[in-house]
S.K.: 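Structure provided below as structure tokens; questions to follow.
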Amino acid sequence: MSGILDGKRILITGVLMESSIAFHAAKLAQEQGAEIILTAFPRPTLTERIAKKLPKPVKVIELDVTNDEHLARLEQVVRDELGGLDGVVHSIGFAPQDALGGNFLNTPFESVATAMHVSAFSLKSLTMACKPLFPAEGAAVVGLTFDAQFAWPQYDWMGPAKAALEATSRYLARDLGKENIRCNLVSAGPLGSMAAKSIPGFSDLAEVWNHRSPLEWDMSDPEPAGRAIVALLSEWFPKTTGEIVHVDGGVHMMGA
């Protein structure tokens, strides 16, 4: 039986731990027939070690999405490895410690600017760096967000950064749709990833799911979000763009 990504070539960022959504997206993509390439920063060796746990060997390239030189060389590196791309997974987010953990009112602009650049503007930067690799029939870009319509405990400036990411995705969907390039986001519930562990007081945020999720939420299971990413990369959603698919147990639709 063929997979839903047979023949697809996918670039995936953010594979840092076996427990990360990006790792499970990469694993499922390979199982569904895709050829993949991974990017990593600042420690490609960490990603190379984790990548050995994937079903098939995969190349890991260093990519700082805030570095213009890294972005400029990306096209040739990927072209040499895969010939082109049919999809991109943006699983990148970062905010300095003084932009998190209850310090919202005292965070300096320099830290806010870093959070915005890495977590939001990079979706546009990465997409445009990969765009010359997309075939004439189009491609799919899928990013990861954390529902930005609410103010969450401890999340602070990552909240506005995710709101900017969500808006960026919509504008990319608007401007690239004429070339049949789809841009969507998956909004996952809290998981015990490296990104989550970097947020001071993350357990306070995660506790919300114990009380408000209609479906039982397992913080140790990133596979549901990985499945959503793979589905959006496939041809099963040919006319879906600018969308946010919630994989959060239903918390996003609950009232008080």
S.K.: Evaluate the side-chain contact (heavy atoms from CB on, under 4.5 Å) criterion for residues V141 and L172: first the C-alpha distance (whole Å), next the side-chain angles of each, then the deciding distance (0.1 Å), finally the verdict.
M.R.: CA-CA 10 Å; V141 177; L172 284 171; 5.8 Å; no

S.K.: At what distance, to the nearest 0.5 angstrom, does OG1 of T107 lie from CG of L100?
M.R.: 7.5 Å

S.K.: Which salt bridge (charged side-chain N to carboxylate O under 4.0 Å, His left out) pairs, counting each pair once, include a residue from residues 78-99, with sequence neighbours left out?
M.R.: R9-D86, E75-R79

S.K.: E235: what forms a side chain to side chain contact (heavy atoms under 4.5 Å, CB included) with it, not counting sequence neighbours?
M.R.: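 By the side chain to side chain contact (heavy atoms under 4.5 Å, CB included) rule, E235 matches K8, R182.
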
S.K.: State the CG-CG distance between D221 and L191, to the nearest 0.5 angstrom.
M.R.: 8.0 Å

S.K.: So, does R73 use its side chain to make a donor-acceptor pair with the main chain of L63 at under 3.5 Å?
M.R.: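 Side chain of R73 to backbone of L63: no pair is present.
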
S.K.: Are more than 12 heavy atoms from other residues, nucleotides or ligands located less than 6.0 Å from atom CD of E216?
M.R.: no

S.K.: List the steps, then state whether side-chain contact (heavy atoms from CB on, under 4.5 Å) holds for L28 with I229.
M.R.: CA-CA 9 Å; L28 290 164; I229 290 170; over 6 Å; no

S.K.: Taking atom CZ of F121 and atom OG1 of T66, what is their separation to the nearest 0.5 Å?
M.R.: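 So the gap between those two atoms works out to 10.5 Å.
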
S.K.: State the NE2-OG distance between H252 and S213, to the nearest 0.5 angstrom.
M.R.: 10.5 Å

S.K.: For E223, enumerate each residue passing the salt bridge (charged side-chain N to carboxylate O under 4.0 Å, His left out) test, keeping only those at least two apart in sequence or located in another chain.
M.R.: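 Applying salt bridge (charged side-chain N to carboxylate O under 4.0 Å, His left out) to E223 gives R227.
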
S.K.: Applying side chain to side chain donor-acceptor pair (under 3.5 Å), which residue pairs with at least one partner in residues 120-132 are found, sequence neighbours left out?
M.R.: H90-S122, K131-E179

S.K.: Test side-chain contact (heavy atoms from CB on, under 4.5 Å) on V230 and I10; report intermediate values, then the result.
M.R.: CA-CA 10 Å; V230 168; I10 310 293; over 6 Å; no

S.K.: Just distance, no hydrogens or angles: give the donor-acceptor pairs under 3.5 Å from side chains in residues 239-246, sequence neighbours left out.
M.R.:
unit_1 : atom_1 : unit_2 : atom_2 : d
T241   : OG1    : C183   : N      : 2.9
H246   : NE2    : D147   : OD2    : 3.3

S.K.: Same cluster or not: are F23 and M219 linked, directly or through other Ile, Leu, Val, Met, Phe, Trp or Tyr residues, by side-chain heavy atoms under 4.5 angstrom apart?
M.R.: yes

S.K.: Taking the side chain from S169 and the backbone from L165, do they hold a donor-acceptor pair closer than 3.5 Å?
M.R.: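 No, because the side chain of S169 does not come within donor-acceptor range (under 3.5 Å) of the backbone of L165.
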
S.K.: Output all residues satisfying salt bridge (charged side-chain N to carboxylate O under 4.0 Å, His left out) with E207, sequence neighbours left out; order by chain, then residue number.
M.R.: none

S.K.: NZ/K59 to CD/E35 distance, rounded to the nearest 0.5 angstrom?
M.R.: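 One finds 14.0 Å between NZ of K59 and CD of E35.
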
S.K.: Answer whether the closest heavy-atom distance between the side chains of N184 and F237 falls below 4.5 Å.
M.R.: no

S.K.: Can you hop from I21 to V65 via hydrophobic side chains spaced under 4.5 Å?
M.R.: no

S.K.: For N180, enumerate each residue passing the side chain to side chain contact (heavy atoms under 4.5 Å, CB included) test, keeping only those at least two apart in sequence or located in another chain.
M.R.: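 Listed in chain order: nothing, the list is empty.
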
S.K.: Is the backbone of M158 close enough, under 3.5 Å, to the side chain of W152 for a donor and an acceptor to pair up by distance?
M.R.: no

S.K.: Do other residues, nucleotides or ligands put more than 12 heavy atoms under 6.0 Å from the NZ atom of K52?
M.R.: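 Counting other residues, nucleotides and ligands, NZ of K52 stays at 12 neighbours or fewer.
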
S.K.: Between T114 and F94, is the side-chain contact (heavy atoms from CB on, under 4.5 Å) condition met? List the steps.
M.R.: CA-CA 8 Å; T114 296; F94 172 77; 3.9 Å; yes

S.K.: Sequence neighbours left out, what passes side chain to side chain contact (heavy atoms under 4.5 Å, CB included) with A22? Give chain and number order.
M.R.: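 Scan of A22 (side chain to side chain contact (heavy atoms under 4.5 Å, CB included), adjacent residues dropped) gives I12, V15, S20, S91.
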
S.K.: Applying the 4.5 Å side-chain criterion to the ILVMFWY set and letting contacts propagate, would V247 and L215 be lumped into a single cluster?
M.R.: no

S.K.: Quick one: which residue pairs count as a salt bridge (charged side-chain N to carboxylate O under 4.0 Å, His left out) with a foot in residues 154-172, not counting sequence neighbours?
M.R.: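 Output for this query is empty, none listed.
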
S.K.: Is there a path from V142 to I181 through hydrophobic residues (I, L, V, M, F, W, Y) whose side chains come within less than 4.5 Å of each other?
M.R.: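 Shared cluster, no.
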
S.K.: What distance do T39 atom OG1 and I92 atom CD1 have between them, rounded to the nearest 0.5 Å?
M.R.: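 CD1 of I92 is found 5.5 Å from OG1 of T39.
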
S.K.: Is Y155 reachable from V112 through a run of I, L, V, M, F, W or Y residues, each pair having side-chain heavy atoms under 4.5 Å apart?
M.R.: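 No, because V112 and Y155 fall into different hydrophobic clusters, even though each may have its own neighbours under 4.5 Å.
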
S.K.: Using modelled atom types only, decide if a donor and an acceptor are shared between the side chain of W209 and the backbone of D248 within a distance under 3.5 Å.
M.R.: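 Answer holds: yes.
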
S.K.: Not counting sequence neighbours, which residues clear ring pair (Phe, Tyr, Trp, His ring centres under 6.0 Å) with F134? List them please.
M.R.: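 For F134 there are no ring pair (Phe, Tyr, Trp, His ring centres under 6.0 Å) partners, ignoring immediate neighbours.
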
S.K.: Check the surroundings of atom OH in Y171: do more than 12 heavy atoms from other residues, nucleotides or ligands lie under 6.0 Å from it?
M.R.: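 Check fails, neighbour count at 12 or below.
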
S.K.: Sort and list the pairs that fulfil salt bridge (charged side-chain N to carboxylate O under 4.0 Å, His left out) and have at least one residue in residues 18-31, not counting sequence neighbours.
M.R.: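 Found E18-K53, K27-E31.
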
S.K.: What residues, two or more places apart in sequence or in another chain, satisfy side chain to side chain contact (heavy atoms under 4.5 Å, CB included) together with A51?
M.R.: L38, L54, V58, V60

S.K.: Check whether W217 reaches the backbone of N210 with its side chain - one donor and one acceptor, N or O, closer than 3.5 Å.
M.R.: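 Looks like no, no N/O pair under 3.5 Å.
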
